[in-house]
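Everything on this sheet refers to the single structure shown next.
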Amino acid sequence: MSVGIVSVGSYIPKVEDCRTKLDRHDVEESFIIKKTGFVGNSKMEDGEKASDMCVKAFQSLEEKCGTLKDKVDFLIVCTQNGDYLLPQTSALVHSKLDLPQRCAALDISLGCSGYVYALNVAKSFMESNGLQCGIVLTADPYSGIIDIQDKNTDLLFGDAATATLLAENAAYELGKAVFDTKGADYDALLCEHGGQLYMDGRRIFDFVLRHVPKSISNCLELNGIGTDDVEYFLLHQASRYLVENMARRLRVDVSKVPFVAAEYGNTVSSSVPLALENYFDVKPGATMVLSGFGVGLSMATTTIQRI
Amino acid sequence: MSKVTLDDIVELFDEAGIESNVSELDPKKALLDQGLDSLDMMNVFFQVEEKYGLSVGEEEIAAGDWNSLEKIVESVNKNQQ
């Protein structure tokens, strides 16, 4: 058996206008529009948790695919800001959706690279065990750990969740993926237990521009294709400036490297699947690149091809 | 190794896609006072490191050794000696 991506659903909570933050951070609106790119930052409702966002994303998926919950036999949640230290957030989602008992439910602790990892873990797990209906959920609400006085992070991140259905008779097949880790730079993006997010913007900027293009070119080579064969590069939406500079480093037209997150922010592991949801309906045979990169520091890149 | 010139750094800015009209920048004046922002400066430091194989340290940045076109030329040439 071979499973692939059938569909993607999502949930984006209410958005805070960036203009409410200009005075606090002494920045011009033009900096936000041209550089960070996020005119809004979405934020979970008070009392809402990662599992609640997952449920809403799943419901969005069911609106596209019909009732799924009685069929789900595999559930994975990608988050580093789950409901509790334990149990796993996927257990809460399993409960809230009243999923069948005969269902694997696990979390994966990754940030911006997490979607590509989670797709691969899900596909391998499902195919190894003959599972039929897998849901890959991403929900990593940074709003709970951001210091609103920190310009580096307060202007960037947004909360969101996505739900991806993996099954046979898919819309997209997954290509071969490349995974890289620079663990020595773990402290460039860090949050201690009970603490707030710290990000060294320059180290992250250097990491992305220096290493991610190589991850992408390695992935293309592994799949026997070149940049001209790719319809769109759906990159982690770190900021408008980084996405545009990535296009430059990849030597591809910026129209092939879309920036879609302007209205809601950098949503961590939801960033790439939200971009995929936006660009889902490409022509059969088209190949896209999905690339996530960030906390860890971690990178993961795969191709997907529309069937 | 040949000395790096102001023209070389202007060309580097073009390659980096820095939006400001580079040829109109005052080489002596701080770049942050001429319309560039912190992200532009990160990009400049990255491009300098990539092109010249050197490291632009935070202490040097804080000391102002890289804050104008002229200072960038001086610092690149100093690091390459």
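Below, chain A is the first sequence line, B the second, and so on; all start at residue 1.
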Practice item. For chain B, find which of A:E28, A:E244, A:R249 contributes the most heavy-atom pairs closer than 4.5 angstrom. Key: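 That would be A:R249.
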
Taking atom [atom1] of [X] as the centre, does the number of heavy atoms from other residues, nucleotides or ligands within less than 6.0 Å exceed 12?
| X | atom1 | value |
| --- | --- | --- |
| B:E58 | CD | yes |
| A:K182 | NZ | no |
| A:E221 | CD | no |
| A:D17 | CG | yes |
| A:D187 | CG | yes |
| A:E263 | CD | no |

Practice item. Find the distance between CD (B:E50) and CG (A:D206) and round it off to the nearest 0.5 Å. Key: 8.0 Å

Revision key, fill the gap. Rounded to the nearest 0.5 Å, the CG atom of B:L39 sits from the CZ atom of A:F31 at a distance of 4.5 Å

**Study point:** Note: A:R210-B:E49 ion pair, threshold 4.0 Å (strictly below)
**Key:**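 B:E49 and A:R210: salt-bridged.
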
**Study point:** Stepwise side chain to side chain contact (heavy atoms under 4.5 Å, CB included) test for A:Y241 and B:D40
**Key:** CA-CA 9 Å; A:Y241 196 61; B:D40 294 322; 3.2 Å; yes

So do the side chains of [X] and [Y] get within less than 4.5 Å of each other, counting heavy atoms only?
| X | Y | result |
| --- | --- | --- |
| B:N43 | A:L209 | yes |
| B:M42 | A:R203 | no |
| B:F46 | A:R202 | no |

